[in-house]
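All values below come from the heavy atoms of this structure, side chains included, with hydrogens, waters and symmetry mates left out.
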Amino acid sequence: MPKLRPFRALRPTSEAAPRVVALPYDVMNRQEAAAQGQDPDSYLHITRAEIDLPASVDQHADQVHEQAAANLADFIARGILIREDHPCLYLYRETWRGAAQVGIVGCAQVADYQNGIIKRHEKTLAIKEADRIKHFDRVNAHTEPVFLTYRANQEIDEITARVTKEKPLLKGETLDGTRHELWPLSAADTALAARALEALDYFYIADGHHRSASAAKVGLSRTQCLNAPWNEFLVVAVPDHDLRCLSYNRLVLDWGDTNPKQFLADLAQVVVITELGEFAPPEKPGAFSMYLGGKWYACSFHPAVIAGKELPESLDVSLLQEKVLAPLLGIKDPRISERIEFVGGIRGDGELKAAVDAGAACAFYMYPTQIDQVLEVADAGKIMPPKSTWFEPKLGSGLFAHPLWG
């Protein structure tokens, strides 16, 4: 039974919240972060503190995390961020393109992460873990949440429907047009929600494998004592029926040992290729769209390629890796290859086209991985290929943090 504990959040005042709330740290590059963090109260000064340092300072340098800690202290000293008087859970609603996603904000347990009650579906990279470990440890807070999901629960849905009719405590809007709202739950609703969630079998990581792994390692590195705040980490748990999966696309930067003509001939042995007059997304699993040489193509795997495969090998991203990227383009391990980039579906087809027109080799626009596939893979204890899922909206940053100082 997974546990979700109430906590004393560090949060902005209602007046400051619209200036503080920001997009998460990992959906933008340094230049975009600097452009979006021009307001001195933007939370990006904490999550992307390199924007306050010379461009010569590497964004993963220790100096960046020292700056983040100083900026957090400054936000508290100026009264931009305040500490909640008592522990509680929260409801957090994001409204994106007219649709709402509502999750419960609280603290999950490092022990649940270790023993598999919080299930994973991706591997992590040590270099990315190390960066988040340094950030959480030096700032002494979980500054951004892990995005969890669970199989929807009627009791939680009823609490959500009732509480979100009230006026939110905090609200703001990020530059992508997503509206963010936060409601603290009463003591009675906090207890009710916690009990309902403990009746679940598992939580599942939707997004934030590196944040959860890093938070767990920070907790385990510190003195082990009962009820220490580092035994927990900040999460937002969203029911599976609220999640929206977009495609996670692939951009191949060069041809390696092949060329466009040879690649198309080899690809025809794996997929049916149809030239398109203009871009069209794949309409079903087993298909993808490809941009190459100024043209879009519709591609569908031959039935023999798909036959007999089970999850996760049957995922389109798995088939593309096994049948196209590795054997035809020489990209054996996409987790470490410098010849491939991953482009979230939120950026659309235009960014893929522009990159290829500017000199990249080719691009693949994928059919989205579905949430039920994610849960099935996690339940089987298996691992998806890297960059299999892209959820929208992303969890915002700045409306709540979890201090590790008690």
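Atoms CZ and CG, on F263 and L292 in that order, are 6.5 Å from each other to the nearest 0.5 Å. Between atom CE of residue M290 and atom CG of residue N249 there is a gap of 14.0 Å, rounded to the nearest 0.5 Å. With rounding to the nearest 0.5 Å, the separation of CG in L200 from CG in L148 is 11.0 Å. N231 CG to L226 CG: the interatomic distance, rounded to the nearest 0.5 Å, is 7.5 Å. In this structure, I340 CD1 and R250 CZ are separated by 6.0 Å, a value rounded to the nearest 0.5 Å. We find the CG-CE distance between L315 and M366 to be 9.5 Å, quoted to the nearest 0.5 Å.
Taking the charged nitrogens against the carboxylate oxygens, D137 and R222 do have a contact shorter than 4.0 Å, which makes a salt bridge. For the pair R120 and E122, the salt-bridge criterion is not met [side-chain N within less than 4.0 Å of a carboxylate O]. A salt bridge does not link E50 with R30: every distance from a Lys NZ or Arg NE/NH1/NH2 to an Asp or Glu carboxylate oxygen is 4.0 Å or more. Ion pair E84/R11 flagged as a salt bridge, since at least one NZ, NE, NH1 or NH2 atom sits closer than 4.0 Å to an Asp/Glu carboxylate oxygen. Salt bridge present: R151 and D379 bring a charged side-chain N and a carboxylate O closer than 4.0 Å. The pair E278-K353 fails the salt-bridge criterion, with no side-chain N (NZ, NE, NH1 or NH2) lying under 4.0 Å from an Asp/Glu carboxylate O. One finds no salt bridge joining E198 and K3 here, because no Lys/Arg side-chain nitrogen approaches an Asp/Glu carboxylate oxygen to under 4.0 Å.
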Legend entry - W230 and E232: CA distance, side-chain angles, deciding distance, side-chain hydrogen bond (donor to acceptor under 3.5 Å, both in side chains) verdict: CA-CA 5 Å; W230 49 84; E232 306 177 325; over 6 Å; no
Legend entry - Derivation and outcome, side chain to side chain contact (heavy atoms under 4.5 Å, CB included), residues L53 and Q63: CA-CA 9 Å; L53 297 170; Q63 187 179 350; 3.6 Å; yes
Legend entry - Test side chain to side chain contact (heavy atoms under 4.5 Å, CB included) applied to D372 and L375, step by step: CA-CA 5 Å; D372 60 331; L375 301 188; 5.7 Å; no
Legend entry - side chain to side chain contact (heavy atoms under 4.5 Å, CB included) assessment of L251 paired with L253: CA-CA 6 Å; L251 175 67; L253 301 181; 4.0 Å; yes
Inset, instruction - For E129 and T124, run side-chain hydrogen bond (donor to acceptor under 3.5 Å, both in side chains): C-alpha distance rounded to whole Å, both residues' side-chain angles, the deciding distance at 0.1 Å, then the answer. - result: CA-CA 7 Å; E129 277 190 34; T124 57; 2.4 Å; yes
Inset, instruction - With side-chain hydrogen bond (donor to acceptor under 3.5 Å, both in side chains) as the test, would you mind laying out the steps for D131 and H210 before giving the verdict? - result: CA-CA 9 Å; D131 182 72; H210 289 94; over 6 Å; no
Legend entry - Test side chain to side chain contact (heavy atoms under 4.5 Å, CB included) applied to I306 and L319, step by step: CA-CA 8 Å; I306 302 174; L319 295 171; 4.1 Å; yes
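The distance between the ring centers of Y43 and F75 does not fall below 6.0 angstrom. In this structure, the ring of F233 has its center no less than 6.0 angstrom from the ring center of F136. For Y291 and F364, the distance between ring centers is not under 6.0 angstrom. If you look at W183 and Y90, their ring centroids are not closer than 6.0 Å.
S337 places no side-chain N or O within donor-acceptor distance of the main-chain N or O of D333, the cut-off being under 3.5 Å. In this structure, R179 contributes its side chain and T95 its backbone to no donor-acceptor pair below 3.5 Å. When atom types are taken as modelled, the side chain of T369 and the backbone of S388 share a donor-acceptor pair closer than 3.5 angstrom. When atom types are taken as modelled, the side chain of R339 and the backbone of D254 share a donor-acceptor pair closer than 3.5 angstrom. Judged purely by atom type and a 3.5 angstrom limit, S14 uses its side chain to pair as donor or acceptor with the backbone of L169. Counting only distance, with no hydrogens or angles, the side chain of K217 and the backbone of A130 share no donor-acceptor pair below 3.5 Å. Looking at Q224, its side chain does come within 3.5 Å of a backbone N or O of G219 through a donor-acceptor pair. Looking at S318, its side chain never comes within 3.5 Å of a backbone N or O of S314 through a donor-acceptor pair. Between the side chain of H135 and the backbone N or O of T143, no donor-acceptor pair lies under 3.5 Å. Put simply, the side chain of D41 never gets that close to the backbone of R19: no donor and acceptor are under 3.5 Å apart.
Taking each heavy atom of D189 and V163 in turn, the nearest pair found is OD2-CG2, 3.8 Å. Contact detail for N29 and R48: the closest heavy-atom pair is C-NH2, 3.6 Å. When every heavy atom of G286 is checked against every heavy atom of D316, the shortest pair comes out as N-OD1, 2.8 Å. Taking all atoms of both residues into account, the shortest heavy-atom contact from L81 to G398 is CD2-O, 4.4 Å. Closest non-hydrogen pair, W405 versus P229, comes out as N-CG, 4.4 Å. When all heavy atoms of P312 and I383 are compared, the closest pair comes out as CG-O, 3.4 Å.
The closest side-chain heavy-atom distance from F391 to V238 is not below 4.5 Å. When side chains are defined from C-beta on, Q321 does not count as touching P385, because their heavy atoms never get closer than 4.5 Å. Looking only at side-chain heavy atoms (C-beta outward), W296 and D349 come within less than 4.5 Å of each other. With contacts defined as side-chain heavy-atom distances shorter than 4.5 Å, the pair I76/L10 qualifies. L170 places none of its side-chain heavy atoms less than 4.5 Å from the side chain of V21. Side-chain atoms of P334 and F342, non-hydrogen and from C-beta on, do get closer than 4.5 Å to each other. Residues K387 and V317 have side chains not in contact (no heavy-atom distance under 4.5 Å, counting atoms from C-beta outward). L23 has its side chain within reach of M28: a pair of non-hydrogen atoms, C-beta onward, lies under 4.5 Å apart.
Within 6.0 Å of NZ on K309 lie more than 12 heavy atoms contributed by other residues, nucleotides or ligands. The neighbour count for K382 NZ, taken as heavy atoms of other residues, nucleotides or ligands under 6.0 Å away, is above 12. The neighbour count for N115 CG, taken as heavy atoms of other residues, nucleotides or ligands under 6.0 Å away, is above 12.
No option in K394, H180, Q101, R244 other than R244 meets the side-chain contact (heavy atoms from CB on, under 4.5 Å) test with W96. Of the candidates K171, R93, K165, E181 forms a salt bridge (charged side-chain N to carboxylate O under 4.0 Å, His left out) with just one, namely R93. Partner of Y365 under the ring-ring contact (aromatic ring centres under 6.0 Å, His included) criterion, out of F288, F279, Y248: F279 alone.
Side chains of Q154 and E158: a donor on one and an acceptor on the other come within 3.5 Å.
H209 is linked by a ring-ring contact (aromatic ring centres under 6.0 Å, His included) to H121, counting only residues two or more places apart in sequence or in another chain.
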